[in-house]
2 protein chains.
Amino acid sequence: MEPLERVSYLTALLGAHSRNRFAALLCPLGITPQHFAALRWISLNDGSTQQEVADLMEVRRNLMVGLVDDLEAAGLVIRGRHPADRRAHALHLTASGRRVLAEGDAAADALDDEMLAPLDPCQRAAFHDALRAMAAAAGLSPGVFPENR
Amino acid sequence: MEPLERVSYLTALLGAHSRNRFAALLCPLGITPQHFAALRWISLNDGSTQQEVADLMEVRRNLMVGLVDDLEAAGLVIRGRHPADRRAHALHLTASGRRVLAEGDAAADALDDEMLAPLDPCQRAAFHDALRAMAAAAGLSPGVFPENR
DNA sequence: TATTGTTATACTCTATAACTATA
DNA sequence: TATAGTTATAGAGTATAACAATA
């Protein structure tokens, strides 16, 4: 096997490319992949606390503070009162937050098209199936866009 | 498209997994993927200067200093006299360096097998072909194992 | 006593800029 | 003057530990 042609190497190379391209596509929206992940989790679970979103994203809760600071300053998220726990914030998306989340989703779809462009429809389906099988076998629970781990 | 099932997302996830697994497999050898890449380039071009290897790895030459310091301290590389330029070091692998490089290659092969385990031979070939096509279309010249970029 | 959010601090990795000795 | 190697410094990014308010 040519060392620079290995599946593991090419996967790492293409994965880094995907991460970098996604970050570049989000840049005009004023957010990073981490912000995008936070928006997604808050959208899927409105009213979550910072601790809960941090658990879902698998980051420390102190990192969540700055992340929510950014999103709140950008008007994408609001820290509301938690109905049952006065220590916690209940996080909600604003209308802008929902719009930016949708635009981020569109950017991700565009990136999929861009990356799959050299493959024909049959190859695309096979590649996608293989990815799912390999990710499942590796025990990768899709929690957050991998900045690094 | 389910957001967490996207090709771009799964590729990034699996790519990060590959990078982390490779780093873990190299750990017993006492080197990182960066050290491994340096060993490889020196092996492919014996007598190279630090600047030349830095260019191949697409890192700054000052970062190369610490990398070669590590490899030299581990007895894997020696800084020899450059035949034509007294400013430069001519880098050579030691016998240990060649052995560690071979062991790193074996680790990478093992990682390939591990990652491809859930696929049948036909799927493996198709996945490999797709990876090459996508990497080529993305303009990814395989230079170094992507720590980050 | 445990937990949420926060802040302060430290650590890792890398980028920028200088310095030296040669070319 | 330009370049190879080196060193020093600073900047991200994240981890660790402590703190106040509340449970």
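Note on naming: letters A, B, ... go to the chains in the order of the sequence lines (proteins, then strands), and numbering restarts at 1 for each one.
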Integer-rounded Å distance: C:dA21 P and B:R81 CZ: 17 Å

d(CG, B:D70; C1', C:dT12) in whole Å: 14 Å

Rounded distance (Å) that lies between atom C1' of D:dG13 and atom CZ of A:R60: 13 Å

Rounded distance (Å) that lies between atom P of D:dA12 and atom CD of A:Q34: 15 Å

Counterpart residues, salt bridge (Lys or Arg N to Asp or Glu O under 4.0 Å), relative to A:D69 (two or more places apart): A:R79

Residue list, salt bridge (Lys or Arg N to Asp or Glu O under 4.0 Å) with A:E114, at least two apart or on another chain: A:R21

Test salt bridge (Lys or Arg N to Asp or Glu O under 4.0 Å) applied to B:R60 - qualifying residues, sequence neighbours left out: none

Interatomic distance, A:L67 CG vs C:dT4 P [rounded to whole Å]: 18 Å

Validation row: B:E5, A:R132 side chains within 4.5 angstrom (heavy atoms): yes

Protein-nucleotide distance (B:D69, atom CG; D:dA8, atom C1'), rounded to Å: 15 Å

Given DNA chain D, 5'-ward residue of the pair A:A84 and A:L63, judged by closest heavy atom: A:L63

Residue pairs, two or more places apart or on separate chains, that pass salt bridge (Lys or Arg N to Asp or Glu O under 4.0 Å) and touch residues 33-42 of chain B: B:R40-B:D105

Report all interatomic pairs (protein N or O, nucleotide N or O of nucleotides 1-5 of chain D) with separations under 3.5 Å.
{"from": "D:dT3", "atom 1": "O2", "to": "B:R87", "atom 2": "NH1", "distance (Å)": "2.2"}
{"from": "D:dA4", "atom 1": "OP2", "to": "B:Q51", "atom 2": "OE1", "distance (Å)": "3.3"}
{"from": "D:dG5", "atom 1": "OP1", "to": "B:Q50", "atom 2": "N", "distance (Å)": "2.9"}
{"from": "D:dG5", "atom 1": "OP1", "to": "B:H89", "atom 2": "N", "distance (Å)": "3.3"}
{"from": "D:dG5", "atom 1": "OP2", "to": "B:Q50", "atom 2": "N", "distance (Å)": "3.4"}
{"from": "D:dG5", "atom 1": "OP2", "to": "B:Q51", "atom 2": "N", "distance (Å)": "2.5"}
{"from": "D:dG5", "atom 1": "O3'", "to": "B:H89", "atom 2": "NE2", "distance (Å)": "3.1"}
{"from": "D:dG5", "atom 1": "N7", "to": "B:R61", "atom 2": "NE", "distance (Å)": "2.9"}
{"from": "D:dG5", "atom 1": "O6", "to": "B:R61", "atom 2": "NH2", "distance (Å)": "3.0"}

Whole-Å distance separating the CE atom of A:M64 from the P atom of C:dT3: 19 Å

Results of salt bridge (Lys or Arg N to Asp or Glu O under 4.0 Å) for A:D46 - residues two or more places apart only: none

